[in-house]
Amino acid sequence: MSPPGRRPRLWSSGTSRSPPEAREELRRRLLDLIEGNRVMIFSKSYCPHSTRVKELFSSLGVECNILELDQVDDGASVQEVLSEITNQRTVPNIFVNKVHMGGCDRTFQAHQSGLLQKLLQEDSAYDYDLIVIGGGSGGLACAQEAAILGKKVMVLDFVVPSPQGTSWGLGGTCVNVGCVPKKLMHQAALLGQALSDSRKFGWEYNQQVKHNWETMTEAIQNHIGSLNWNYRLSLREKAVAYVNSYGEFLEHHKIKATNRKGQQTCYTAAKFVIATGERPRYLGIQGDKEYCITSDDLFSLPYCPGKTLVVGASYVALECAGFLAGLGLDVTVMVRSVLLRGFDQEMAERVGSYMEQHGVKFLRKFIPMMVQQLEKGSPGKLKVVAKSTEGPETVEGVYNTVLLAIGRDSCTRKIGLEKIGVKINEKNGKIPVNDMEQTNVPYVYAIGDILEGKLELTPVAIQAGKLLARRLFGGRLEKCDYINVPTTVFTPLEYGCCGLSEEKAIDVYKKENLEIYHTLFWPLEWTVAGRDNNTCYAKIICNKLDNNLVIGFHILGPNAGEITQGFAAAMKCGLTKQLLDNTIGIHPTCGEIFTTLEITKSSGLDISQKGC
C-alpha cells in the first residue's frame, strides 16, 4: 500500500430520489465497498486512531481501501448508515474480508492474537463460508437461510448420550426431548380429562379406560423420527453439508469434528455460528447420574415411570409433573424455593394451586441429599433422602422414578472456545454477544439458549438464526427483537404470557404508574362438565403514563397458548386498554374476556364470575 491508499468516494444519488430510496442506495454502495475490498476502512483524515490503523496495515504490506468521511459530501449520512450496519458509531470502522473487525483497539487486539492475519487470508482458502455448530432449531434455520443465499454451509451436530444412555437425531432439544414430545404428552393427559368430561355430555361407555405408556411413547417417537428425517432431507435439498460429529475449535477458523467412532476430520470456514444449546443439570449428589432421569430420557422411556418424584420447580418440572399426573400416576414435586422463577409469581402460584387440587403433591423448601437404589427394574425402586432449606429436618420417600428438572447448562465449555478467545460467562457458560449476535471474536456468532441475557425459546432461536444469516450474507439489517416475546407453560391448566410480569413491571415503572385489570372466568366447556368455577384467570398490566399501553399479558386457562399468540401480535402493534375495550369479542370464547376487563386490582372489588 502507498499511504494513504486509494480513496473511494460516494456521491449524491441525485435529487430525483426520495429520502428512503437515497438511503437504500447509500446502504447498497457501502455494502458493495465492504464486499468488494479485502480491507475496507471507514475513517476520518484527522482521527489519530484511524491513522494508527492505516499504519498497521501499511506495516503488514496490505493494500486497503479507505473512505475518509470528512472528505465526502455525504459523510454524516455514511456514518449513520454504517452505524445501522455495524452497531458502531465511531471511526475507524474496519472490515477485513467482509468481516466487521470493529475499531482501532479491536483491530490491534486481533493483530496481537493472530486473528487479523487469519482474516487476511482469501475466502477461497476456507472449506466453507459458514459452519454452524449445533443442529437444533436455531442452527438449522441459520444454516438453511445461508444456503438459500448461495453460501457453502456445513452443520455439525452430535448428541452426547445422557448418563442413562439416551441420544437422538437431528433437530435439537425442541423436536426430540422438548417442546414437541412435551406438548404431545400434555395432549395425552388432556384427552384423559376429556374422557371424564364426556360422560356429562352424554357419552356412555362401560369398558374400563386405561392409559398405555408404551403405545403413547412409540407413537410420539415415530413422529419425532419423521421430523428428524425431514430435517436431513431439507438440508440435502439446500446442499447443506450435514456431519454427525462433535465440533471443537483447534485454532482460528479451524474446527475438529469427531464422530462416534472417534475418527477426526478438520474443516475451516470464514464464519462460525455457535448454536449448541443446553443440557439438563444434575444435582451433584450421591446417586443422581446413576439412578435419576431428566427430560433427555423421559420422552423415550420404554416403560411407565410409575410413582414419580419431580425435583425442581421450573416450567419443565411442572409441565412433566402435570402430564404424568394427568396420565394417572402418583406424582410429587420437590421445590427448593419458588415456582416458575422469572415468571409472574401470582400466576405461578395459581398454576401450582390448580395442580395441587388435581392430585399433584408438593414438598416445598426441600432439596435432595441422596438417591439410593432399593430394587432394580423397569421401573425399580429408589429411596430419596431430602433436607429442609429452612432447618435440620430431613424426609425420606420411596419412588419408582426420580426426574430432575432443576435447570440447564450451556454446552459451551468443551468446544474449544478458549483456543480462539471467545469469551463466556464462567459462572453459567453463557456467551455475551452484541445486538448482532456477534461474540468478541468478529467472525464467530452465537444464537439460541446459550446467549447471555436472552430468552431460551425455540421460536426466538429460529428467528435469530434466520435474521443473522440474512445480515451476514443477504445485505439485510433487521435484528432479532427480544422484546414482548410470548410463551406458554403447558401445565394441566395452561399459562400464557407476553411482556412483563407484575413484579418486573413494578420494578421498572413503579406501582403507582400501573393499572392492573384482572378477572376470574369460567370457560363454557367447563360448566356442563362440572369443572372448577373461578379457577381460570386473566390479567393485563397497563402503563398509565403511556396511554394505558399493555405491557404485560397473562392468562391461565385452556388453550392459553393459542390465545396468547394472537394478543402478542397486538402488543407488537402497541395494544392499549382502550383498543381492547374497542374490540368486539367472539362469544363464547376464553379470549373474549380481555375485551371486557373492568375491575382493577387497586379497586379491591370481587372478580368472581357467575355466568358465561
Side-chain angles (χ1 to χ4, degrees), residues 20 23-24 27-28 30-31 34-35 80-89 95 98-100 102 128-155 157 171-175 179 231 234-235 238 240 269-277 410 422 430-487 498 565 568-569 571-573:
R23 192 178 186 83
E24 182 60 27
R27 185 175 74 88
R28 186 188 64 77
L30 289 175
L31 291 173
I34 294 165
E35 292 279 335
E80 189 176 337
V81 175
L82 266 179
S83 71
E84 293 175 0
I85 296 173
T86 66
N87 203 36
Q88 176 184 326
R89 298 182 180 277
F95 290 83
K98 296 173 280 191
V99 173
H100 180 231
Y128 291 89
D129 297 308
L130 173 69
I131 290 179
V132 177
I133 309 170
S137 303
L140 292 177
C142 183
Q144 293 184 84
E145 192 69 20
I148 290 170
L149 293 168
K151 297 303 174 182
K152 188 179 180 183
V153 183
M154 170 183 279
V155 171
D157 185 63
T173 296
C174 174
V175 169
C179 322
Y231 277 128
S234 182
L235 291 180
K238 295 178 177 64
V240 175
K271 294 181 176 66
F272 289 83
V273 171
I274 305 169
T276 47
S410 298
V422 173
K430 299 279 191 179
I431 299 179
V433 295
N434 60 21
D435 63 355
M436 312 284 277
E437 283 83 41
Q438 186 181 39
T439 71
N440 65 298
V441 175
Y443 66 88
V444 179
Y445 299 79
I447 57 173
D449 293 358
I450 58 174
L451 296 191
E452 186 167 43
K454 298 294 191 291
L455 295 165
E456 300 176 9
L457 295 168
T458 296
V460 172
I462 292 172
Q463 179 83 332
K466 285 183 178 179
L467 294 179
L468 173 58
R470 290 170 187 169
R471 290 196 306 273
L472 292 178
F473 305 117
R476 301 279 289 276
L477 296 176
E478 187 180 359
K479 305 170 189 175
C480 186
D481 184 358
Y482 293 94
I483 305 300
N484 283 346
V485 175
T487 191
C498 183
Q565 183 68 78
M571 288 179 68
K572 282 287 187 186
C573 299

**Q** What's the spacing between M436 CE and L472 CG if we round to 0.5 Å?
**A**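 With rounding to 0.5 Å, CE (M436) is 8.0 Å from CG (L472).
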**Q** Decide yes or no on side chain to side chain contact (heavy atoms under 4.5 Å, CB included) for V433 and E452, but give the supporting numbers first.
**A** CA-CA 7 Å; V433 295; E452 186 167 43; over 6 Å; no
**Q** Less than 4.5 Å apart, side chain to side chain, heavy atoms only: is that true for V422 and N440?
**A**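 V422 vs N440: side chains touch.
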**Q** Rounded to the nearest 0.5 Å, what's the gap from CD1 on I447 to CG on L468? Could you check?
**A**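 Answer rounded to 0.5 Å: 6.5 Å.
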**Q** So, are K466 and E478 salt-bridged, with charged N and O less than 4.0 Å apart?
**A**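 Judged by the 4.0 Å cut-off on N to carboxylate O distance, K466 and E478 do not form a salt bridge.
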**Q** Are the charged groups of E84 and R27 less than 4.0 angstrom apart, N to O?
**A**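 A salt bridge is absent here (no side-chain N lies under 4.0 Å from a carboxylate O).
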**Q** Does R28, at its CZ atom, have more than 12 non-hydrogen atoms belonging to other residues, nucleotides or ligands within less than 6.0 Å?
**A**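 It does: R28 CZ has more than 12 such atoms within range.
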**Q** Measuring only between side-chain heavy atoms, which start at C-beta, is L31 closer than 4.5 Å to I85?
**A**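 The answer is yes; the side chains approach within 4.5 Å.
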**Q** Please report the interatomic distance OG1(T487) to CD(E456), rounded to the nearest 0.5 Å.
**A**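 Atom-to-atom, T487:OG1 and E456:CD are 11.0 Å apart.
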**Q** So which atom in V485 and which in V460 form the shortest heavy-atom distance, rounded to 0.1 Å?
**A**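 So the two residues come closest at CG1-CG2, 3.7 Å.
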**Q** Can you name the closest pair of heavy atoms from Y443 and A270 and give their distance?
**A**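 That closest heavy-atom pairing would be CB-O, 3.4 Å.
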**Q** Within a 6.0 Å radius of atom NZ on K454, are there more than 12 heavy atoms belonging to other residues, nucleotides or ligands?
**A**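 Result for NZ/K454: enclosed.
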**Q** Which heavy atom of G474 sits nearest a heavy atom of L149, and at what distance?
**A**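 Closest pair (atom of G474, atom of L149, distance): N-CD1, 3.9 Å.
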**Q** Decide yes or no for L130 and C142: does some side-chain heavy atom of the first lie under 4.5 Å from some side-chain heavy atom of the second?
**A**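 They are in contact (side-chain heavy atoms under 4.5 Å apart), so the answer is yes.
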**Q** Could you tell me whether the side chain of D157 reaches within less than 4.5 Å of the side chain of Y231, counting heavy atoms only?
**A**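 Answer no - side chains too far apart.
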**Q** Please tell me if the side chains of K479 and E437 come closer than 4.5 Å, counting only heavy atoms from C-beta onward.
**A**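 K479 does not reach E437 side chain to side chain.
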**Q** Rounded to the nearest 0.5 Å, how far does OG1 of T86 lie from CG of L477?
**A**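 Going from the CG atom of L477 to the OG1 atom of T86 covers 10.0 Å.
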**Q** Cation-pi check, K152 to Y128: give yes when NZ or CZ is under 6.0 Å from the six-membered ring centre and within 45° of the ring axis, no otherwise.
**A**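 Yes.
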**Q** Where is the tightest heavy-atom contact between G171 and L140, given as atom of each residue plus distance?
**A**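 Looking at all heavy atoms of both residues, the shortest contact is CA-CD1, 4.1 Å.
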**Q** Taking atom CG of L457 and atom OG of S137, what is their separation to the nearest 0.5 Å?
**A**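 Nearest 0.5 Å value for the CG-OG distance: 11.0 Å.
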**Q** Could you report the tightest heavy-atom contact between A147 and V240, atom names first, then the distance?
**A**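 In terms of heavy atoms, the two residues are closest at CB-CG2, 3.5 Å.
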**Q** From T276 OG1 over to I450 CD1, what is the distance, rounded to the nearest 0.5 angstrom?
**A**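 Those atoms lie 4.0 Å apart.
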**Q** With a 4.5 Å limit on heavy-atom distance, are the side chains of Q88 and H100 in contact?
**A**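 Contact flag for Q88/H100 side chains = yes.
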**Q** Let me know which of N434, V132, T439, V273 forms a side-chain contact (heavy atoms from CB on, under 4.5 Å) with Y445.
**A**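 With Y445 as partner, N434, V132, T439, V273 yield a single side-chain contact (heavy atoms from CB on, under 4.5 Å), made by V273.
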**Q** Verify, without hydrogens or angle tests, whether K572 (side chain) and I483 (backbone) share a donor-acceptor contact under 3.5 angstrom.
**A**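 Answer holds: yes.
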**Q** Measuring only between side-chain heavy atoms, which start at C-beta, is K271 closer than 4.5 Å to K151?
**A**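 No, side chains not in contact.
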**Q** Does the side chain of L467 reach to within under 4.5 Å of the side chain of R470, using non-hydrogen atoms?
**A**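 Yes; the side chains approach each other to less than 4.5 Å.
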**Q** Hydrogens and angles aside, do D435 and N87 bring a side-chain donor and acceptor to less than 3.5 Å of each other?
**A**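 Per modelled atom types, D435 and N87 side chains form a pair under 3.5 Å.
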**Q** Nearest heavy-atom pair of L451 and A446: which atoms, and what distance?
**A**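 Taking every non-hydrogen atom into account, CD2-O, 3.3 Å.
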